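Accompanying notes for the structure given below.
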Amino acid sequence: MWNVPANANSAPINYYATPANYYNAPLAPQSTTKRKVGLVLGGGLLGMLYYHRPVRQNEFIKFGFEQTVLDVQTQMAALKKARRELNSFGLSTDSKSMLNSLGVAENTDIINLKIKDLHKSINDPTEVSKIKQGLVSRFKNIKKDPALRTNVEKKTFELIRQSHLRWGVGIGAAVALVASLLLL
């Protein structure tokens, strides 16, 4: 729409025209921040693809042994608790069922022997090498067929995948942050 100004010598005013610097105007600070946050989150999401990286044998052995040690330490703690209960006032039903599942009699000396055996199984170099060799021998089969995995091996694969996810998100977000700082 054209309006004729009061001064007849000046040009008519076009109200639909955009200013000359509209598209070349610098970005507002909040939009730059939003773009940086968006790039970092996008990089983190792309980094999550690292979750699907194949599991290597060395990782499996390392995490598998750590999980085995954790399970043995949990058993040792439960046995020590059962020993304390036996010495003080009597076994609880939980302790009785745990002792039955481990095949240990309700006797302090037998519980002490079981604790020593468990401690030896994770600290003796020959026992440690046997555990690691067992993990190596089972790795190829359980990598292909998840149904063959024991609880320890299943937990090991979960821990490895979680580790991959954390590393992927961190690396992706860091790379995206650097890119956002360089590009914006």
Side-chain angles (χ1 to χ4, degrees), residues 39-88 90-179:
L39 277 171
V40 169
L41 290 176
L45 288 173
L46 287 175
M48 284 183 189
L49 295 175
Y50 194 67
Y51 173 82
H52 297 290
R53 189 175 71 99
V55 175
R56 292 177 292 166
Q57 185 174 357
N58 292 342
E59 284 179 315
F60 178 74
I61 293 168
K62 178 184 150 212
F63 280 93
F65 183 70
E66 288 175 3
Q67 186 61 37
T68 304
V69 168
L70 184 65
D71 287 351
V72 168
Q73 288 173 344
T74 304
Q75 288 177 359
M76 287 172 51
L79 286 170
K80 288 177 183 176
K81 178 185 171 199
R83 182 180 61 194
R84 277 194 310 272
E85 287 178 2
L86 193 60
N87 288 335
S88 61
L91 289 174
S92 66
T93 55
D94 292 338
S95 297
K96 285 181 183 180
S97 64
M98 186 270 310
L99 289 175
N100 286 334
S101 69
L102 292 176
V104 179
E106 297 177 8
N107 185 345
T108 309
D109 296 331
I110 296 173
I111 292 174
N112 286 336
L113 286 174
K114 184 66 176 179
I115 291 172
K116 286 180 185 177
D117 289 343
L118 288 173
H119 183 66
K120 182 182 175 187
S121 71
I122 58 172
N123 291 323
D124 186 36
T126 57
E127 295 294 325
V128 169
S129 65
K130 284 181 187 177
I131 292 171
K132 289 183 178 181
Q133 286 301 320
L135 290 171
V136 168
S137 65
R138 292 189 43 82
F139 177 70
K140 289 182 184 176
N141 293 333
I142 62 174
K143 184 177 178 183
K144 295 176 185 173
D145 190 7
L148 298 175
R149 296 177 187 164
T150 63
N151 287 339
V152 171
E153 294 159 349
K154 180 181 166 190
K155 185 69 175 170
T156 300
F157 269 90
E158 289 175 6
L159 289 173
I160 292 171
R161 295 284 189 207
Q162 288 174 359
S163 174
H164 286 179
L165 181 67
R166 286 188 206 109
W167 276 101
V169 168
I171 291 170
V175 168
L177 180 63
V178 169

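Just so we're clear, the structure is a prediction, and the values are computed from it rather than from any experiment. The figures that follow rest on heavy atoms only: side chains count, while hydrogens, waters and symmetry mates do not.
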| task | Would you check, one step at a time, whether the test side chain to side chain contact (heavy atoms under 4.5 Å, CB included) holds for Ile122 with Gln73? | result | CA-CA 9 Å; Ile122 58 172; Gln73 288 173 344; 4.3 Å; yes

| Pair Ser92-Asp94, side chain to side chain donor-acceptor pair (under 3.5 Å): steps then yes or no | CA-CA 5 Å; Ser92 66; Asp94 292 338; 5.1 Å; no

| request: Check the pair Arg166 / Gln162 against side chain to side chain contact (heavy atoms under 4.5 Å, CB included), numbers first and verdict last. | output: CA-CA 6 Å; Arg166 286 188 206 109; Gln162 288 174 359; 3.6 Å; yes

| task | Evaluate the side chain to side chain contact (heavy atoms under 4.5 Å, CB included) criterion for residues Met98 and Val104: first the C-alpha distance (whole Å), next the side-chain angles of each, then the deciding distance (0.1 Å), finally the verdict. | result | CA-CA 9 Å; Met98 186 270 310; Val104 179; over 6 Å; no

| said: Using side chain to side chain contact (heavy atoms under 4.5 Å, CB included), reason through Val55 and Arg161 one step at a time and then give a plain yes or no. | reply: CA-CA 8 Å; Val55 175; Arg161 295 284 189 207; 4.1 Å; yes

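Shown here for Ser121 and Ile131, the closest heavy-atom pair between the two residues is O-CD1, 3.5 Å. Heavy-atom minimum distance, Leu91 versus Ala82: CD2-O, 3.4 Å.
Within a 6.0 Å sphere centred on NZ of Lys81, other residues, nucleotides and ligands contribute 12 heavy atoms or fewer. Enclosure of atom CG in Asn151 is not indicated, since only 12 or fewer non-hydrogen atoms of other residues, nucleotides or ligands lie within 6.0 angstrom.
For the atom pair CG of Leu118 and CG of Leu102, the computed distance is 7.5 Å after rounding to the nearest 0.5 Å. For the atom pair CG (Leu41) and CG (Leu46), the distance works out to 11.0 Å, reported to the nearest 0.5 Å. Between atom CG of residue Asp124 and atom NZ of residue Lys130 there is a gap of 8.5 Å, rounded to the nearest 0.5 Å. Once rounded to the nearest 0.5 Å, the distance linking CZ of Arg138 with CD of Gln133 reads 14.0 Å. A distance of 10.5 Å separates CG in Asp117 from CE in Met76, rounded to the nearest 0.5 Å.
Taking 4.5 Å as the limit, every side-chain heavy atom of Asn123 sits out of range of all side-chain heavy atoms of Val128.
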Pairs of donor and acceptor atoms involving the side chains of residues 56-70, under 3.5 Å and at least two apart or interchain, shall be tabulated with distances.
| from | atom 1 | to | atom 2 | distance (Å) |
| --- | --- | --- | --- | --- |
| Glu59 | OE1 | Arg56 | N | 3.2 |
| Glu59 | OE1 | His164 | NE2 | 3.4 |
| Glu59 | OE2 | Arg53 | NH2 | 2.8 |
| Glu59 | OE2 | His164 | NE2 | 2.9 |
| Gln67 | NE2 | Asp71 | OD1 | 3.3 |
| Thr68 | OG1 | Gly64 | O | 2.8 |

Enumerate donor-acceptor pairs with a distance under 3.5 Å from any side-chain N or O in residues 107-114 to protein atoms, sequence neighbours excluded.
| from | atom 1 | to | atom 2 | distance (Å) |
| --- | --- | --- | --- | --- |
| Asn107 | OD1 | Asp109 | N | 3.2 |
| Thr108 | OG1 | Asn87 | OD1 | 3.4 |
| Asn112 | OD1 | Arg83 | NH1 | 2.6 |
| Asn112 | ND2 | Thr108 | O | 3.3 |

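In this structure Arg84 satisfies the salt bridge (Lys or Arg N to Asp or Glu O under 4.0 Å) test with no other residue, sequence neighbours excluded.
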